[in-house]
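Since this is a predicted model, take the numbers as computed values, not measurements.
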Amino acid sequence: MRTVAVVGASLAGLSAARSLRKQGYGGQLVVIGDELHRPYDRPPLSKEFLAGALGEADLSLEADDEDLRAEWLLGARATGLDRTGRAVRLADGREVRADGVVIATGAAARTLPGAEVLAGVHTLRTLDDARALRDELARGGRLVVIGGGFIGAEVASTAYALGLDVTVVEAAPTPLAGPLGATMGGIVSALHADHGVRLLCGVGVKGLRGDERRETGVPPDGVRRRVDVVLLEDGRGIPADIVVVGVGARPCVEWLEGSGVELDNGVKCGADGRTSLAGVVAVGDCANWYDARAGAHRRVEHWTGARERPDAAIAALLAGGAVEPGVPRPPYFWSDQYGVKIQFAGHAAAADSVTIEAGVADDRDVLAVYRRAGVPVAVLGMNQPRLFTRWRKQLAAVSS
């Protein structure tokens, strides 16, 4: 294999590039990224960076002396994959021909129809997003967060600490019920009320309304309105100076249509990241890997998955699939909200029961274990790092 192209220059792409060199690949390595920035850490964007506690240099994922002997094509968006010539087509007309391709194009934040024409409306996925939102939050005022998931909750927590008036709107009856289950989702999301942040559940957003104040960056019609109200489906209107839309993300795989790579909620992969096209693997938020434990495909959008799973995918790529895939550790993620460390590992949806093993729910210091037929399948910790770590190791042993 003379040339490998890694399409995506965030954590998953960087991890794949590192894994290639670590596993002995000595050929040409091309890393393609649609952002102009070198690889950076995303979790702090909604927390320390947004609060001003970390600068951009602190986000770097590369060591000062790191040299992957790679050609970096940054600010270059992939628009297609030619299965015949094994070439990645770029928006500027260039092509990168490669013997092996690693798809690591991640996911993009979902938004609301019409939101792009209003000033003061933000999503938070990239460094540029975080820069713009940080500047707005510095002005203070009324923030409405649409979506009570982890990104929305972290933004709400950060904005509260900065002194803003914060409201969180969540369409589901209980925030975080998807990843944590209804019971523990309710306990975690109660952190908002504990700190005086308004949480409106079970109501969707109908739209956004803007006033006629002129803003910089005027569109072709000459007027750019600034958001001033979030309109709810029950008829209420929530005054807003700033709006953050945190309603999930979609995998960035449109560029692969017609390539022969099977798409299904991202790039459909085997248990080792191999796709339906020989010589092509996928990692990170865009990759829908087969989970042998569950007997189904799962797309894992977590930092640890983007860091750990490329090792298996690169091994499969270099060996042409001749190596037996191992069993990846159960998905793990963490969140920091209102001074509380939240950690979770496993799959809550697989559980038929959840019990609090330590701590008190009202004190937000619990350790909860999710079980199916008595067997642990997930664990949640709130300010319980030692117990959580112990249970996480047990969970990995049970799952392997």
Approximate separation, where rounding is to 0.5 Å, of [X] [atom1] and [Y] [atom2]:
X	Y	atom1	atom2	answer
Asp285	Thr105	CG	OG1	9.5 Å
Tyr290	Arg274	OH	CZ	14.0 Å
Leu11	Arg307	CG	CZ	8.0 Å
Leu199	Thr167	CG	OG1	9.5 Å
Arg309	Ile314	CZ	CD1	14.5 Å
Ile146	Leu200	CD1	CG	11.0 Å

Practice task
Look at Lys206 together with Asp234 and state whether they make a salt bridge at an N to O cut-off of under 4.0 Å.
Solution key: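 No salt bridge links Lys206 with Asp234.
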Problem - Asp211/Arg226 ion pair, N-O < 4.0 Å - result: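 The answer is no: the pair does not qualify as a salt bridge.
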Would you confirm whether [X], through its side chain, and [Y], through its main-chain N or O, come within 3.5 Å as a donor-acceptor pair?
X	Y	result
Trp289	Val283	no
Ser60	Ala57	no
Arg299	Asn265	yes
Arg86	Asp99	yes
Ser10	Ala12	no
Thr126	Asp129	yes
Asp241	Asp228	no
Ser157	Tyr338	yes
Asp291	His297	no
Thr275	Val280	yes

Are the side chains of [X] and [Y] in touch, meaning some heavy atoms are under 4.5 Å apart?
X	Y	value
Val261	Leu81	yes
Val6	Val30	no
His122	Val155	no
Leu380	Val188	yes
Leu59	Pro44	yes
His347	Pro331	yes
Val369	Val354	no
Ile342	Asp336	no

Exercise for the section: Please identify each residue that fulfils side-chain hydrogen bond (donor to acceptor under 3.5 Å, both in side chains) with Glu71, with sequence neighbours left out. Expected result: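 Applying side-chain hydrogen bond (donor to acceptor under 3.5 Å, both in side chains) to Glu71 gives none.
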Practice task
May I have the step-by-step check of salt bridge (charged side-chain N to carboxylate O under 4.0 Å, His left out) for Arg97 and Glu95, ending in yes or no?
Solution key: CA-CA 6 Å; Arg97 296 188 177 275; Glu95 287 190 347; 3.5 Å; yes
Please answer: with hydrophobic residues joined when any side-chain heavy atoms are less than 4.5 Å apart, are [X] and [Y] in the same cluster?
X	Y	value
Leu73	Val102	no
Leu74	Trp255	no
Leu14	Val101	no
Leu124	Val145	yes
Val4	Leu277	no

Problem - Residue among Tyr332, Phe333, Phe150 satisfying ring-ring contact (aromatic ring centres under 6.0 Å, His included) with Phe344 - result: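 Considering Tyr332, Phe333, Phe150, a ring-ring contact (aromatic ring centres under 6.0 Å, His included) with Phe344 is found only for Phe333.
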Less than 3.5 Å apart, any donor N or O on the side chain of [X] or [Y] sitting next to an acceptor on the other?
X	Y	answer
Glu154	Ser46	yes
Asp41	Trp303	yes
Ser276	Glu262	no
Ser19	Gln23	yes

Handout entry: Pairs meeting criterion side-chain hydrogen bond (donor to acceptor under 3.5 Å, both in side chains) with involvement of residues 355-383, two or more places apart
Key =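 Pairs touching residues 355-383 that pass the test: Asp194-Arg364, Thr355-Glu357, Thr355-Arg371, Glu357-Arg371.
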Could you tell me which non-hydrogen atom of [X] sits nearest to which non-hydrogen atom of [Y], and how far apart they are?
X	Y	answer
Arg125	Leu45	O-CD1, 3.8 Å
Leu395	Ala378	CD1-N, 3.6 Å
Val88	Ala5	CG2-CB, 4.5 Å

Exercise for the section: Show the numbers, then the answer: is there a ring pair (Phe, Tyr, Trp, His ring centres under 6.0 Å) between His192 and Tyr160? Expected result: CA-CA 9 Å; His192 295 302; Tyr160 162 81; 9.8 Å; no
Practice task
Quick one: list whatever passes side chain to side chain contact (heavy atoms under 4.5 Å, CB included) with Arg21, sequence neighbours left out.
Solution key: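 With neighbours one apart ignored, the set is Tyr25, Leu29, Leu68, Arg69.
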Could you list the donor-acceptor pairs under 3.5 angstrom formed between side-chain atoms of residues 32-40 and any protein atom two or more places apart in sequence or on another chain?
residue: Glu35; atom: OE1; partner: Tyr40; partner atom: OH; Å: 2.8
residue: Glu35; atom: OE2; partner: Tyr40; partner atom: OH; Å: 3.0
residue: Glu35; atom: OE2; partner: Arg42; partner atom: NH2; Å: 3.3
residue: His37; atom: NE2; partner: Asp128; partner atom: OD1; Å: 3.0
residue: Arg38; atom: NE; partner: Glu62; partner atom: OE1; Å: 3.1
residue: Arg38; atom: NH2; partner: Glu62; partner atom: OE2; Å: 2.8
residue: Tyr40; atom: OH; partner: Arg42; partner atom: NH1; Å: 3.3
residue: Tyr40; atom: OH; partner: Leu127; partner atom: N; Å: 2.9

Problem - Where at least one partner belongs to residues 85-114, residue pairs that pass ring-ring contact (aromatic ring centres under 6.0 Å, His included), sequence neighbours excluded - result: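 Applying ring-ring contact (aromatic ring centres under 6.0 Å, His included) to every pair that reaches into residues 85-114, excluding sequence neighbours, yields nothing.
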Problem - Partner of Asp311 by salt bridge (charged side-chain N to carboxylate O under 4.0 Å, His left out), out of Arg329, Lys22, Arg18 - result: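 Testing each of Arg329, Lys22, Arg18 against Asp311, the sole residue satisfying salt bridge (charged side-chain N to carboxylate O under 4.0 Å, His left out) is Lys22.
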Problem - Cluster companions of Leu231 among Ile, Leu, Val, Met, Phe, Trp, Tyr (side-chain spacing under 4.5 Å) - result: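 Grouped by the 4.5 Å side-chain rule, Val229 form the rest of the cluster around Leu231.
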